[in-house]
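Presented below is the structure to which this report refers.
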Amino acid sequence: MKADLLAHYGGVAPKMAEEAHAKVINQVVQDALDKANMKEMDLSAVAVTIGPGLSLCLRVGVQKARKIAGTFNLPIVGVHHMEAHALVARLTERDLQFPFMALLVSGGHNLLILARDLGQYIQLGTTIDDAIGEAYDKTAKWLGLDLRRSGGPAVEELAREGDAESFKFNVPMRHHKDCNFSYAGLKTQVRLAIESKNINAEIPIASATWEDRSSRADIAASFQRIAVLHLEERCQRAIGWALDIEPSVKYMVVSGGVASNHYVRAQLNQVVKKNGLQLLCPPPSLCTDNGVMVAWTGIEHFSVGRFDPPPPADEAEDAILDLRPRWPLGEEYAKGKSEARSLRRARIHPSLTSLIQASLQQQS
């Protein structure tokens, strides 16, 4: 269903996404219980993403989670979506101990963090406009690719046919000596290149002439080379910062939907190895958004006593919910602060790290 919606709207339409979530939430939960051969009364707790993300979609999941937790008197764990992407690597790689680095790359977010402990993160770099996943999706749409499998895989596949040096796109933010990301300018360069070649996105790639297909492949390859080079350069700087703070760091986790991209993995592996670290990527099924990563993060926090009591069993449907659509994961590293982002701080929830630190201080 998600793939069909992306294909139809050429991206995420919030209201349609909410309706799609609401339509399938009950069946998705039931299927998960059935596959685990469990019933709600067998659960120890309920974990649910409360941010960041589209508040309309967050609401659907939180309402369902609170209904289950209230009905069966279960504690509830509110999960940070990006923390879940980082921590799921600890499920598949049991040797992964804190501290470690993580690059989280998805449709809506790019994030470089130093994970010092559970819930304790330093933000080394973040998105100041568009994330790499959004750039892949838009490029795929403008090139007339099949979006039912999402833009990333479609662009990567076409890029294999193209010449990555044919279009001389500029690498974003080279004059900014930080670890933040920007893909808005690269998107504009790609759009102008497509217009210069008179490519009509209404004509699917499968129906394109040989010459037209070749031009599309060259643009896809050139875009991908520069988009990933931007990641490489930011990671190179971030590794130096992280090792200054925590010299014992040995691993960099790369997770999020874009981490399923083979080219992304291969290029980042070179950067990481050159700096004496090891790259860890969860399997592709756990890189894209999934319930396992949320459940695992819930387990991690639940096991150290971080959870909320069961909600009322008769909670009203219009109850005010704790939704955090703009919710930073960690505290910004001083060298990584962005003037551009400082102008957009309205209505941002305090970071997960600051909330946990405040809670720990109260307990002591």
Side-chain angles (χ1 to χ4, degrees), residues 2-13 16 105-110 127-176 180-234 256-268 270 288 340:
K2 178 181 176 182
D4 291 338
L5 281 171
L6 283 170
H8 184 72
Y9 293 102
V12 176
M16 301 303 170
V105 277
S106 65
H109 302 278
N110 283 8
T127 313
I128 65 169
D129 45 49
D130 296 328
I132 187 171
E134 152 73 6
Y136 265 102
D137 286 343
K138 278 293 191 292
T139 298
K141 179 184 177 183
W142 295 335
L143 289 174
L145 307 187
D146 184 353
L147 292 178
R148 284 177 298 179
R149 48 194 301 228
S150 86
V155 170
E156 183 182 19
E157 183 175 313
L158 182 62
R160 295 192 187 107
E161 303 175 22
D163 176 4
E165 302 285 345
S166 56
F167 288 85
K168 304 302 181 184
F169 297 138
N170 296 321
V171 181
M173 295 183 68
R174 273 200 160 153
H175 57 291
H176 290 275
N180 295 316
F181 303 91
S182 168
Y183 283 94
L186 180 57
K187 280 169 52 182
T188 300
Q189 293 179 70
V190 169
R191 182 173 52 78
L192 292 174
I194 288 170
E195 290 174 1
S196 74
K197 291 294 182 179
N198 296 314
I199 291 169
N200 182 1
E202 298 298 317
I203 300 174
I205 187 73
S207 305
T209 64
W210 180 88
E211 184 178 0
D212 188 13
R213 184 183 181 94
S214 179
S215 293
R216 296 190 200 200
D218 286 346
I219 291 173
S222 299
F223 156 75
Q224 179 167 253
R225 183 178 73 85
I226 298 301
V228 178
L229 183 55
H230 186 33
L231 291 183
E232 295 172 50
E233 292 180 352
R234 286 357 220 175
V258 180
S260 302
N261 180 303
H262 297 289
Y263 180 80
V264 169
R265 290 188 184 211
Q267 294 302 112
L268 291 178
Q270 292 180 27
T288 52

Atom pairs and distances, donor-acceptor, side-chain atoms in residues 196-205, under 3.5 Å, two or more places apart:
unit_1 : atom_1 : unit_2 : atom_2 : d
S196   : OG     : A193   : O      : 2.6
N200   : OD1    : E202   : N      : 2.9

task: Can you see which heavy atom on G108 is nearest to which on A131, and at what distance?
output: C-CB, 3.6 Å

query: About how many Å separate CG of L147 and NZ of K141, when rounded to the nearest 0.5 Å?
result: 8.5 Å

task: Give a yes or no answer on whether the side chain of S214 reaches the backbone of W210 with a donor-acceptor pair at less than 3.5 Å.
output: no

Nearest-0.5 Å distance that lies between atom CZ in R234 and atom CG in L268: 14.0 Å

statement: Heavy-atom closest pair (V264 atom, N261 atom, distance to 0.1 Å) is N-OD1, 2.8 Å

query: Under 4.5 Å between any side-chain heavy atoms of P172 and I226, yes or no?
result: yes

query: Is the closest side-chain heavy-atom distance between Q189 and L186 below 4.5 Å?
result: yes

statement: Value for CD1 (I132) from OG1 (T139), rounded to nearest 0.5 Å, stands at 10.0 Å

message: So, using side chain to side chain contact (heavy atoms under 4.5 Å, CB included) as the criterion, who are the partners of A184 when residues are at least two apart?
response: D129, D130

All side chain to side chain contact (heavy atoms under 4.5 Å, CB included) counterparts of S222, not counting sequence neighbours: S166, F167, F169

message: Tell me which pairs pass ring-ring contact (aromatic ring centres under 6.0 Å, His included) where either residue lies in residues 213-232, with sequence neighbours left out.
response: Y136-F223, F181-H230, Y183-H230

query: Between CG of N110 and CD of E134, what distance do you get to the nearest 0.5 Å?
result: 11.0 Å

task: Grab the two heavy atoms, one from I128 and one from S182, that are nearest each other, plus how far apart they are.
output: CG1-CB, 3.9 Å

Please tabulate, for side-chain N and O atoms in residues 153-163, each donor-acceptor pair with protein atoms closer than 3.5 Å (sequence neighbours left out).
unit_1 : atom_1 : unit_2 : atom_2 : d
E156   : OE2    : H262   : N      : 2.9
E156   : OE2    : Y263   : N      : 3.0
E157   : OE1    : R149   : NH1    : 2.7
E161   : OE1    : R213   : NE     : 2.9
E161   : OE2    : R213   : NH2    : 2.8
D163   : OD1    : E165   : N      : 2.9

message: Restricting to salt bridge (Lys or Arg N to Asp or Glu O under 4.0 Å), what partner residues turn up for D212, sequence neighbours left out?
response: R216

query: In Å, rounded to the nearest 0.5 Å, how long is the span from CZ of R174 to NE2 of H176?
result: 13.5 Å

- line: Here the pair of heavy atoms bringing A140 nearest to G151 is CB-CA, 3.6 Å

Distance, nearest 0.5 Å, that separates CZ of R225 from CD of E232: 10.0 Å

task: Using a 4.5 Å cut-off on heavy atoms from C-beta on, say whether the side chain of T288 contacts that of S260.
output: yes

